[in-house]
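Worksheet for the structure shown next.
A, B, ... follow the sequence lines: proteins, then strands. Residue 1 opens every chain. On a predicted model such as this, the values are computed, not experimentally measured, just so you know.
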Amino acid sequence: MRNYDPFVLPFMLGFLFLVVLIIYKFAQWLIRLNMREKVLFRHGMLSRKFLHAGNEVFMESLIHRKMFKANPLLGYMHMSLAFGWFLLIVLGNVESRLHTGAHLNMPYFPIFLKFFVTEKETIPFYGGFTNLMDFLLLMVLSGVFLALIKRMTSRIFGMRRTTNLKVGDKIALITLWLIFPLRLFAESLTAAQHHNGGFMTENVGQFLAAFLPTDQLSYPAWWLYSISLGAFFVAVPFSRYMHIPAEILLIYLRHFGIHSTKVYSSFSELEVYSCSRCGVCIDKCQLHTADIHFNTPTYFFRAIRERSLSGDLTDACLLCDRCTAACPVEINTTAIRIAKRATFSTSFKSDFSYLPANHTRRKADVAYFAGCMTHLTPAIRKAMIAILEHAKVKYHFIDEQGICCGRPLMMTGRLEEAQQLVRKNEALIKGSGARILLLSCPICLKAFREDYHLDIRIMHHSEYICELMDRQILQIPAGTQLFSFHDPCELGRGSGIFDQPRKILSEAGKLVKSKFEKENSFCCGGSLGHTSLSQAQRNIITQEVVNELTKNNPDSLVTACPLCKKTFTRWSEVPVKDIAEIVAEVISLGSTQSDREQNTNSLGIKVHEKQKRK
Amino acid sequence: MRQVVIIGGGVAGLEAAGFLGKMGHQVVLLEKEKAVGGHVGKWDRLFPNRRQGSEVMDFIRKKMDEKVSIITEAGIKSIDTSPDGYAVVLTNGEAIRADAILLATGFELFDARKKEEYGYGIYDNVITSADLERIFREEGKITTADGQAPQKVAFVHCVGSRDEKAGNVYCSKVCCVTGVKQAIEVKEMMPAAKVYSFYMDIRMFDRHFEELYIEAQQQGITFIRGRLSEVYEDQGKVQCKVEDTLTGKPMKVTVDLLVLLVGFMPSPETKRLAGMLKINIGSDGFVLPIDGHISQNETGVPGIFLAGAVTGPKCIATTLSDARSAALQIDQYLKTK
Amino acid sequence: MKKDKWGYGIHPDRQIDLDNANLSLLELVRQSEPSYNLCIACGSCAATCTAGNLTTISLRRINIYLQRGMIKELREEIRRCMLCGKCYLACPRGVNTRHVIIAIHEALKATGYEEL
Ligand SMILES: Cc1cc2nc3c(=O)[nH]c(=O)nc-3n(C[C@H](O)[C@H](O)[C@H](O)COP(=O)(O)OP(=O)(O)OC[C@H]3O[C@@H](n4cnc5c(N)ncnc54)[C@H](O)[C@@H]3O)c2cc1C
Ligand code: SF4
Ligand code: SF4
Ligand code: SF4
Ligand code: SF4
Ligand code: SF4
C-alpha cells in the first residue's frame, strides 16, 4: 500500500502556506483588539457562546442560510461549493481512517484517496462511500457551473452587476474552477483503470477510456489536480476567498459581544476581510439611479483591502443601510464607512466655543427635542404640540434655540467635533429633569440612542404616540383614508422602528402595501450621509421613490421624518404628511381621568387635579 | 366656415376669440370652470395703474360677437385627428370639429403649502397674494384671523419661484410688481401700519413699474434684502427669520399678517393636453413654442397654436398682444389650408 | 500721484483689491463643488443657520469672502458650522452647502491657510 507520491507536494506546500498565513492573520487581528474586546474574547472562548458561534459558522459559512434567503440561486451556488467541499473532506477523512486504521493521516491522503486506494476491499461499505463521494462531487461541480454562468451573465441571478476582478482574485477564481473538474478527471481516469469509482466517475472513466489513453493520462491528471489545489491555497490570502476564514473568526467574535463602532478598528478590518463580494449589496444601492457606480460595500471594502481607498469613494454613500440590511455576512457596512471617513476629514478645525455655558433649567416630564430639520416643517411641530397638549403631557420644548444633535457631523466622520455638541445637549437634557426625551427627527433619534449617555427613555414620536394609544390616552377613530408609508432610513433600518407607525396608520385609515417597505424601504434621496451628491442627482433618486410610493394613488404619502417630508414634498402630487400630522388631524381624547392617573409616571402625563389636591 | 376651438377662457382665450370672430371664423371657447375670466377675473385692481380688473374684462368681452360660443364647465376627454383637422371630444361625449386649436390654458398658482417653512395652511395669519386680492375685492378691509386690523404686514417675494427646492427655477415676473402694488394698497388702506417687503431682487421689468416701486418707497414701505428662511407663529403674531444681507446680520421681524407672493406654475391640465397633442414642454414645465423669438404662437404641430401664460409667466398686456398675434397666425393658417 | 490714477486713489486699507486678491481657495472650492457658483447671496442659509442662532456665522458672507479673497475673515467664521444641513434645505439655488463648507476646510488645509 502506497501512501506517498511526489505529486502531493504542490498541494501540501500550498496547504501549509495557507495554514501559516491564516494563523498569522488571526493572531494579528486578535492582538490588535482593544482591551475591552480582548476581555470579551477570553470570556467568550470559555462560555456557551462558543458553541452558539460554532452553530452559526455551520449555518452561514457552510450552508449559507442568509444567502439562501436573499437569493436562493446564489445561496445554492455558495452552499454547494462550501458545504459540498466540506463534506467531501469529512467523508474522505472517514474513509482514510477506515482504510489506514490510524486516527491521523497526512492531510493529502483523504484528498487523493482514490489515487492511493485502488482496492475496494480495504474500506468497508466502499460502494456506498464512493457513490456518496461522487454525489458530493457532482454537487460541487454544479456550484462551479453556476459560478461560471454568473460570471458570464449575472442576469439569471437577478443581479444587475457582478463584481470586477483583480489579479489575485483571477488566479484564485480560475484555480477554484479547475480544482473540481480536475478531480473528476483524475478520479475518472483512475476509475477506468481500477474500477474504484462511483456512479459518476466510473461512467465518465468508461467514456474517456473510449478515446483517451487513460493509463498514461491518469498520473499527470493527479499532478494537475494537486497543482490547482496548491495554487488556489497560495492565492487565497491575496484574493477575496480570505473571507472564508475571516468570516469564521468574525462570527465567533460577534457572539462574544464584539461589535463595530464608528472608529476603524481591528474588528472593522476583520469585517472588511469577511466580505465575500457576493454582490448582494450592489443591487440594493439607489445611487445607481443617479449614475454612481462602484461605490457599494463590495467595492469599498475591496479598495480598503487593496489600499487604494479614496475620499470620493468613501463619501459616495447615503448611509441608508439598505445594503447593510441585505448583507448575508451582516457586516455593518455604514459604520465602517463612517469610520473610514474620519481618516479623510482631518482638515476640519471646528470652533464651538460660542456654545452657551448655562442652560435654562425648566423642569418637565417630557423634553421635546424637535431637531434642526423640524424647524423647517412647522406642521410637524404644530401637530406634536397639539398631541402633547391633548394628552395633557407636561412637556418642555427644549430646542427652540437648540443646537444640532451631532449626527450630521458624525456621518462625515467628524466624531471629535460631534462630541462637543453631544456634551452640550446632554447637559441641556439632564438639566430639564425629564424622564422622556421625545424626538421628531429620526436622525436625532439615532444619535441620542447610540452616542449619548442618558438614563431616560429616548423615543421617536411614532413610538410615543403608539404608546399613548396603547394606554388609551389617545384614541384614534377609524378612518377610510388610504396611506402609503415611507420608512425613514434612520427610523426603520437605523433604529428598528417598523411596527409603531404601521399600527398608528392602520387605526387611522388603510395602509397600502409596498414592495419597498420595512427593511427594503428606500432612502428618500435627501440623506445627509453623502456630502457631495448634487441636487440633480438627488432629484433623480427622489422622483423614482415618489413614483413608486404613490403609484397606488394613496390619499397621502406619510413618513415620520422632517427631512424625508421636505424631500418628497417637492415631487409628490399627493400631500406628504408626517405621521404626527395624521394623528393630530383625527385625535379625540377618549380616556377618562382615572386612566390618565394610572399612566402618569411612565408617559409623563401631568395630572392637574392630583397636584392641586396636594 | 372654418371653426376654431379655443381651450381656456382666461384673458388670452377671450381676446383671441373676439379677434377670430371679427375675422369671420366660427369660435368655440371651452372653459373648465363655471365662468370665464381666468385669473384676471379674480384680481381686484391691476398693476401698474390700479384700474379695476373688471374694466379690462369688460373691454375684452365687448369685442365678442355671436360667432363665439362659450361652453363652460367643459372637460376634455380626448383630441382626435380627423382628415380635415381635429375633433375635440368632451367628457359629456360631445365631439367638436376644429380646423385649428388654440391652447390658452394659462397657469396655476404655486401651492404655498409646499413651502411648509412659510407656514401657509398651518398658521392663521399667513396668506397669499391671491388671497389678498380676494380680500380687497370681497371684503374691502384687511383683518388678522382674530378680526383685528394688522399693525404690521410683510410681503415675501419669490414664493415658489426662483426656488430649486420648490421645483421652479424661473422667475414669475409679475409677483414683484404685484407685491409692490399690494404693499401700496395696504399702506393706503391703513396708513399707520408698517409694511415690509422681503426680497432677493426687485424685478420691475416693464413700463411704469419702476415708478410704482418709487411710489412704494415714498409711502415709507421698508424693503429688506434677504430671503425669508422660516416663520413661527406665536399667539397670533408671525415671527419672520431672515438675514438682513445688507448689514449681514440675522433679523427678527414680527408681523400681524404675512403675505406670500406666489408665482406661476404650469398646470397639470396643460401637461395632459400637451401630451394628447404631442407638443413639447420645456424644462420649466411650460409649453414650448417652436421659436421663442419669431414664432411664439406656433407649436410645430399643424393647426395647434398657443397664447398667454401657457408659455410662461406674463402680465396682461403681454398676454393680450400674444393672443392677438395668435389670432392673426390662426387666420393666416386657415386661409392657406 | 500720477495723473492717470486720478479718482482711484482709495486708501489700500479701505478697499477690496480684487486685482491682487488671493483667489486660490476660490478655485479649489469651485472645482470641488461646482454648485458653489450658483449662490445669489439671498441669505436664506444664514437666516436658518442653527449656529447662527448663537454666534456670528453666515454662509452667504463666507461665500462672498471667498470670492473676494478675504481668507482671514472666512476662516474664523466657517469653524462655527455644525454641518447640520439646515441651510441646504433652505437654499433656493440648490447649492450643496455642506459640501461647500467641507470643500472650504479642505482648501484651507491644502493651501496652508488654516493656521495663519
Ligand atoms: C397674484 C397675481 C396678480 C396679478 N396681477 C396682475 C395685474 O395686476 N396686472 C397684470 O397685467 N397682470 C397681473 N397678473 C398676471 C395675469 O394674471 C396673467 O397675465 C393672466 O392671467 C394670463 O392670462 P391667461 O389667459 O393666459 O391665463 P389664465 O388667467 O390662467 O386663464 C386660463 C384659463 O384657462 C382655463 N383652463 C385651464 N385648463 C383648461 C382646460 N383643460 N380646459 C378648459 N379650460 C381650461 C382656466 O380655468 C382659466 O380660466 C397677476 C398674476 C398673479 C399671479
Ligand atoms: S458587503 Fe455583504 S452583501 Fe456586499 S458583497 Fe460583501 S458580503 Fe456581499
Ligand atoms: S448604505 Fe445605501 S447608499 Fe450606501 S452603499 Fe449601501 S445602499 Fe448604497
Ligand atoms: S418677479 Fe420678483 S418675486 Fe416674482 S419670482 Fe421674479 S424676482 Fe421673485
Ligand atoms: S450646516 Fe452649518 S452653515 Fe449650514 S445651517 Fe448648519 S450650522 Fe449653519
Ligand atoms: S441660501 Fe444658497 S443662494 Fe442663498 S446665500 Fe445661501 S448658499 Fe447662497
Over 12 foreign heavy atoms within 6.0 Å of [atom1], [X]:
X: A:Gln420; atom1: CD; value: yes
X: B:Arg134; atom1: CZ; value: yes
X: B:Glu139; atom1: CD; value: yes
X: A:Lys349; atom1: NZ; value: yes

Spatial distance of atom CD (B:Glu230) from atom CG (A:Leu376) [nearest 0.5 Å]: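 Between atom CD of B:Glu230 and atom CG of A:Leu376 there are 5.0 Å.
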Measure the OH-CZ distance between B:Tyr232 and A:Arg381 for me, rounded to the nearest 0.5 Å.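 It is 5.0 Å, given to the nearest 0.5 Å.
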Test salt bridge (Lys or Arg N to Asp or Glu O under 4.0 Å) applied to A:Lys382 and B:Glu233, step by step: CA-CA 10 Å; A:Lys382 195 182 170 192; B:Glu233 199 175 66; over 6 Å; no
Is a side-chain N or O of B:Glu116 found less than 3.5 angstrom from the main chain of A:Ala379, in a donor-acceptor match?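 Looks like yes, one N/O pair under 3.5 Å.
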Side chain / backbone / both / neither for A:Ser572 at chain B, heavy atoms under 4.5 Å: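 The answer is the backbone of A:Ser572.
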Do the non-hydrogen side-chain atoms of A:Lys566 and B:Lys165 ever get within less than 4.5 Å of each other?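 Heavy-atom side-chain distance check fails, nothing below 4.5 Å.
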Of all the heavy-atom pairs spanning B:Glu164 and A:Asn539, show the shortest one and how long it is.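 That would be OE2-ND2, 3.3 Å.
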